[in-house]
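Down below is the structure, laid out as structure tokens.
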Amino acid sequence: MLPLLLGLLGPAACWALGPAPGPGSSELRSAFSAARTTPLEGASEMAVTFDKVYVNIGGDFDAATGQFRCRVPGAYFFSFTAGKAPHKSLSVMLVRNRDEVEALAFDEQRRPSARRAASQSAMLQLDYGDTVWLRLHGAPQYALGAPGATFSGYLVYADADASQSVMLALRRGDAVWLLSHDHDGYGAYSNHGKYITFSGFLVYPDLAPAAPPGLGAPELL
């Protein structure tokens, strides 16, 4: 058996593969700000989409779907403002994936001349692939006016890179590899090969037993 040391290293530890991205690297930045300038009436529980994008650092926000998709795991701050249409009520919820967050812009007043707005904000811990979006309550009495809504978010702190290492005793033909859970909510994040590294090296081979006189040395296992 051959003892082998294997390490799963983050970019900060893996200096041999190239410099790690610093705090100001564009790979660790994410921010967006968008607006909807047209009315939207609730027909079903629907995502609020946007027609203007003012900022989209990192390209993580999709205005056509209204979704922000997490590329850099960490803590994010989100804020939104929703304006209701006259004669209508307002109910807009911040949603992470399919789960409602306790951030609701709500107004039941339906005065004909009222153009009211409500704002909310929240800080969320996101994993790679998580989505954050706004949902308009799905009934005709709820509607956004014109202008309808603004939605902004940015990365506050990126998660620290994780690393693991282990020493294994291996026999000829043994295989060692990395496994990622094969269902929603789990994944491995790689940005141009800089965030996943897998290394290993032989520490020492097994010692071969001494050969009897007159016989050659046995082959290493």
Side-chain angles (χ1 to χ4, degrees), residues 23-24 26-159 184-185 187 189:
S26 61
E27 295 172 354
L28 296 180
R29 294 187 296 170
S30 181
F32 74 94
S33 183
R36 182 183 180 90
T37 62
T38 58
L40 179 65
E41 183 176 287
S44 60
E45 291 195 352
M46 58 196 304
V48 178
T49 57
F50 298 85
D51 51 50
K52 286 190 175 181
V53 177
Y54 303 114
V55 174
N56 195 11
I57 298 173
D60 303 322
F61 181 73
D62 185 350
T65 63
Q67 289 191 348
F68 170 83
R69 184 175 296 276
C70 176
R71 173 179 53 87
V72 182
Y76 286 79
F77 181 81
F78 295 94
S79 64
F80 67 95
T81 298
K84 79 179 194 68
H87 305 282
K88 298 288 186 177
S89 297
L90 176 68
S91 180
V92 176
M93 176 72 73
L94 185 68
V95 179
R96 174 174 52 192
N97 299 324
R98 301 298 300 176
D99 300 322
E100 294 181 348
V101 178
E102 294 301 320
L104 171 67
F106 183 79
D107 192 333
E108 280 285 9
Q109 297 194 31
R110 302 185 191 177
R111 290 178 295 177
S113 59
R115 289 187 178 273
R116 299 163 62 93
S119 299
Q120 285 288 355
S121 61
M123 183 174 287
L124 303 176
Q125 178 70 36
L126 300 182
D127 292 323
Y128 177 74
D130 283 348
T131 58
V132 179
W133 48 287
L134 300 180
R135 179 165 62 197
L136 176 65
H137 191 78
Q141 68 266 29
Y142 296 94
L144 296 175
T150 61
F151 186 28
S152 302
Y154 58 89
L155 174 66
V156 180
Y157 293 110
D159 285 349
D184 291 343
Y189 169 51

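Between Asp159 and Gln125, some side-chain heavy-atom pair lies under the 4.5 Å cut-off. Put simply, the side chain of Phe78 reaches to within 4.5 Å of the side chain of Val132, judged on heavy atoms. Contact of the Leu155 side chain with the Tyr76 side chain is registered, since non-hydrogen atoms from C-beta on lie closer than 4.5 Å. The closest side-chain heavy-atom distance from Leu94 to Leu134 is below 4.5 Å.
Every residue two or more places apart in sequence or in another chain that forms a side chain to side chain donor-acceptor pair (under 3.5 Å) with Thr81 is listed here: Ser119. With sequence neighbours excluded, the residues forming a side chain to side chain donor-acceptor pair (under 3.5 Å) with Asp51 are Thr37, listed by chain and number. Residues passing the side-chain contact (heavy atoms from CB on, under 4.5 Å) test with Tyr54, sequence neighbours excluded: Ser33, Ala35, Lys52. Taking the ring pair (Phe, Tyr, Trp, His ring centres under 6.0 Å) definition, one finds that Phe77 meets it with Tyr154, sequence neighbours left out.
The nearest pair of heavy atoms linking Val72 to Ala158 is CG1-CB, 3.9 Å. Nearest heavy-atom pair across Asp127 and Asp130 is N-OD2, 2.8 Å. Of all the heavy atoms in Phe50 and Ala149, the pair that sits closest is CE2-O, 4.1 Å.
Between Glu41 atom CD and Gln141 atom CD the span is 9.0 Å, to the nearest 0.5 Å. Taking CG of Leu144 as the start and NZ of Lys88 as the end, the distance is 11.5 Å to the nearest 0.5 Å. With rounding to the nearest 0.5 angstrom, the CE atom of Met123 is 8.0 Å from the OH atom of Tyr157. Of the inter-residue distances, the one linking Thr150 atom OG1 with Arg36 atom CZ reads 13.0 Å to the nearest 0.5 angstrom.
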Could you list the donor-acceptor pairs under 3.5 angstrom formed by side chains in residues 57-70, with sequence neighbours left out?
from, atom 1, to, atom 2, distance (Å)
Asp60, OD1, Arg71, NE, 2.9
Asp60, OD2, Ser30, OG, 2.6
Asp60, OD2, Arg71, NE, 3.4
Asp60, OD2, Arg71, NH2, 3.3
Asp62, OD1, Ala64, N, 3.0
Thr65, OG1, Asp62, O, 3.4
Thr65, OG1, Gln67, N, 3.3
Arg69, NH1, Gly129, O, 3.3

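Sorted by first and then second residue, the salt bridge (Lys or Arg N to Asp or Glu O under 4.0 Å) pairs with a member in residues 136-154 form an empty list; sequence neighbours excluded.
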Give the intermediate values and the outcome of side-chain contact (heavy atoms from CB on, under 4.5 Å) for residues Val92 and Phe80. CA-CA 9 Å; Val92 176; Phe80 67 95; 4.0 Å; yes

